[in-house]
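As structure tokens, the structure follows; a few thoughts come after it.
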Amino acid sequence: MLYSEKVMEHFQNPRNLGKMEDADGIGEVGNAVCGDIMKIYIKVDHGIITDVKFNTFGCGSAIATSSMATEMIKGKKIEEALTLSNKAVVEALDGLPAHKIHCSVLAEEAVKAAVKDYYDKNNIPYDKSEFPDCDHCEGCCHS
Ligand code: FES
């Protein structure tokens with residue numbers, strides 16, 4: 001089978017899907033390969049991500065990886081969310097077909113962009129080198 005049961009399950013029953021009106025940070029990134037778009041909203045309380053939502057115009061793999069990524073960062077410290085890699089998300093989903101790995105990058109980049117947005121909005125200093133993926137999407141992270 002092309003997709004693991006976990007991928008199918010998260011695709012059919014995505015966690016944390018939707019918008020957040022009072023988000024503390026919003027990350028929006030686009031995938032240059034396919035043109036899909038991902039938006040992640042985070043709510044932060046005392047450095048802890050208390051709520052996460054995502055919205056996407058993306059494929060099934062993008063939906064499944066975002067769903068898993070939101071589950072993995074919810075309740076975590078904001079610094080921990082920054083260490084979330086697309087590889088860890090793919091592993092948690094028991095793998096993705098090779099040609100779909102780029103879809104999982106969208107989830108990782110959107111999480112990072114949301115954290116960056118939170119830091120920017122709250123004037124929290126950060127090491128810009130921690131956000132290398134955001135350099136190329138200047139203008140789309142904050143739209
Ligand atoms: Fe675009 Fe998967 S094909 S995110």
Side-chain angles (χ1 to χ4, degrees), residues 1-45 47-122 124 126-143:
M1 188 157 130
L2 194 54
Y3 293 104
S4 73
E5 272 176 35
K6 277 193 193 162
V7 171
M8 291 306 292
E9 205 274 311
H10 274 265
F11 167 55
Q12 283 163 350
N13 183 24
R15 325 292 198 270
N16 308 307
L17 184 64
K19 275 191 182 169
M20 191 189 289
E21 297 301 338
D22 54 348
D24 295 313
I26 301 175
E28 183 173 349
V29 294
N31 187 319
V33 179
C34 60
D36 290 344
I37 294 171
M38 171 74 58
K39 205 163 179 175
I40 286 200
Y41 307 80
I42 55 172
K43 187 99 199 120
V44 183
D45 189 15
I48 305 283
I49 298 177
T50 54
D51 201 10
V52 194
K53 287 267 185 291
F54 83 94
N55 234 324
T56 184
F57 293 101
C59 68
S61 301
I63 292 170
T65 47
S66 309
S67 168
M68 180 56 94
T70 57
E71 287 286 276
M72 288 169 86
I73 64 168
K74 207 183 209 174
K76 296 270 165 61
K77 283 192 198 142
I78 195 140
E79 304 86 52
E80 282 180 71
L82 278 183
T83 64
L84 181 79
S85 68
N86 74 305
K87 198 163 165 276
V89 176
V90 170
E91 272 167 19
L93 286 168
D94 294 336
L96 270 181
H99 70 286
K100 285 277 154 191
I101 295 293
H102 77 266
C103 314
S104 66
V105 175
L106 212 53
E108 178 192 322
E109 288 187 348
V111 167
K112 288 204 167 96
V115 170
K116 186 171 180 280
D117 184 44
Y118 168 74
Y119 284 161
D120 285 341
K121 279 184 177 144
N122 291 280
I124 298 170
Y126 56 86
D127 180 357
K128 289 207 165 52
S129 67
E130 281 194 69
F131 300 89
D133 292 332
C134 283
D135 287 347
H136 70 264
C137 62
E138 206 56 64
C140 92
C141 293
H142 299 283
S143 55

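Only a predicted model underlies this, so the values are computations on that prediction, with no experimental measurement involved. All ligand and atom numbering here is 1-based and tracks the order in the structure. The first residue of the sequence shown is numbered 1, and numbering continues consecutively from there.
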Enumerated ligand 1 atoms positioned under 4.0 Å from heavy atoms of [X]:
| X | result |
| --- | --- |
| Ala62 | 4 (S) |
| Asp36 | 1 (Fe), 2 (Fe), 3 (S), 4 (S) |
| Cys59 | 2 (Fe), 3 (S), 4 (S) |
| Lys100 | 2 (Fe), 3 (S) |
| Cys34 | 1 (Fe), 3 (S), 4 (S) |

- Item | Electrostatic pair Asp24:Lys121 at N-O distance under 4.0 angstrom |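 Answer for the salt bridge query: no.
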- Message: Between Glu21 and Lys53 (salt bridge meaning N to carboxylate O under 4.0 Å), is one present in this structure?
- Response: no
- Rounded to the nearest 0.5 Å, how far does NZ of Lys116 lie from NZ of Lys112?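 The NZ atom of Lys116 is 12.5 Å from NZ of Lys112, to the nearest 0.5 Å.
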- Query: So does His102 have any N/O/S atom less than 2.8 Å away from atom 1 (Fe) of ligand 1?
  - Reply: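 It does not: His102 brings no N, O or S atom closer than 2.8 Å to atom 1 (Fe) of ligand 1.
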- Message: Contact between Asn13 and Glu9 at the side-chain level, heavy atoms closer than 4.5 Å - yes or no?
- Response: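 Of all side-chain heavy-atom pairs linking Glu9 with Asn13, at least one is under 4.5 Å.
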- Item | Asp51 and Tyr41, any side-chain heavy atoms less than 4.5 Å apart |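 A side-chain contact is absent here, since even the closest heavy-atom pair is not under 4.5 Å.
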- Message: Under 2.8 Å from atom 2 (Fe) of ligand 1, can any N, O or S atom of Cys103 be found?
- Response: yes
- Distance-only, no hydrogens or angles: does the Thr56 side chain make a donor-acceptor pair with backbone N or O of Ile63 under 3.5 Å? no
